[in-house]
Every structure is written in structure tokens, then in C-alpha cells.
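First comes the structure, then the notes that go with it.
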Amino acid sequence: MPRERPITLEGLLLLDGRQLILQMPDGGQWRLLALGRHDRLLGRKARVEGARQGHDVVAVDRITPA
């Protein structure tokens with residue numbers, strides 16, 4: 001099984017300290033590794049595209065409004 005797999009997710013974009021979190025509708029969470037600032041999307045639904053790295057981590061390529 002490949003270590004990094006492409007993934008697209010939609011959920012609520014939140015900030016936990018300095019860590020970006022994507023809160024899923026089912027209650028799960030993903031930790032996001034993202035460059036840049038995403039303040040305009042905090043607290044809003046967002047679509048995250050990137051590569052899954054481990055159990056709950058996504059290396060983000062793009063974050064857009066959902």
C-alpha cells in the first residue's frame with residue numbers, strides 16, 4: 001500500500017492552537033499540513049485536496065470554499 005494517497009475531503013476548517021483541523025460531518029478530524037494563511041476560510045465549510053500521510057494527516061495541495 002502506498003504511503004501517500006490522494007484524498008479530497010469536505011468539512012469545517014478550524015484552528016486548534018497553530019494546527020489547522022478539518023472537522024468532518026461524522027465527528028472525525030483531520031490534521032492539515034498547509035502552507036500559507038487560510039484565515040478567510042476558518043469557521044467555514046472547505047474542500048481540501050492533498051495527499052494522505054498517516055492515520056489522520058493530510059499534506060494539503062489546495063483549500064477552497066465548499
Side-chain angles (χ1 to χ4, degrees):
M1 179 176 0
R3 186 179 276 191
E4 296 180 5
R5 293 172 286 172
I7 191 168
T8 300
L9 302 164
E10 287 191 18
L12 186 64
L13 189 66
L14 302 172
L15 193 60
D16 183 13
R18 292 182 165 187
Q19 178 72 58
L20 275 177
I21 302 289
L22 190 68
Q23 180 75 41
M24 304 303 292
D26 67 2
Q29 290 186 357
W30 290 90
R31 294 184 296 140
L32 305 178
L33 303 176
L35 297 176
R37 298 188 55 102
H38 304 283
D39 295 344
R40 65 184 174 82
L41 294 175
L42 288 177
R44 299 178 61 198
K45 283 189 163 189
R47 173 177 288 133
V48 173
E49 298 174 28
R52 184 175 180 170
Q53 295 188 333
H55 175 70
D56 66 344
V57 178
V58 175
V60 175
D61 292 326
R62 180 175 18 190
I63 301 177
T64 57

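- No path of Ile, Leu, Val, Met, Phe, Trp and Tyr side chains, each step under 4.5 Å between heavy atoms, connects Ile21 with Val57, placing them in separate hydrophobic clusters.
- Here the side chain of Gln19 pairs a donor or acceptor atom with the backbone of Leu32 at under 3.5 angstrom.
- Cluster membership for Leu42 and Leu22, using ILVMFWY side-chain heavy atoms within less than 4.5 angstrom, is shared.
- Residue pairs meeting the salt bridge (charged side-chain N to carboxylate O under 4.0 Å, His left out) criterion with at least one partner in residues 54-66, sequence neighbours excluded, are Arg31-Asp56, Glu49-Arg62.
- Taking all atoms of both residues into account, the shortest heavy-atom contact from Trp30 to His55 is CZ3-O, 3.7 Å.
- With sequence neighbours excluded, the residues satisfying side chain to side chain contact (heavy atoms under 4.5 Å, CB included) with Pro65 are Arg40, Leu41.
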Using residues 7-18 as the side-chain source, report each donor-acceptor pair under 3.5 Å to any protein atom, sequence neighbours left out, with the distance given to one decimal.
{"residue": "Glu10", "atom": "OE2", "partner": "Arg47", "partner atom": "NE", "Å": "3.0"}
{"residue": "Glu10", "atom": "OE2", "partner": "Arg47", "partner atom": "NH2", "Å": "2.2"}

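- Every residue two or more places apart in sequence or in another chain that forms a side chain to side chain contact (heavy atoms under 4.5 Å, CB included) with Ala34 is listed here: Leu20, His38, Val60, Ile63.
- Considering only residues two or more places apart in sequence or on other chains, Asp39 meets the salt bridge (Lys or Arg N to Asp or Glu O under 4.0 Å) condition with Arg37.
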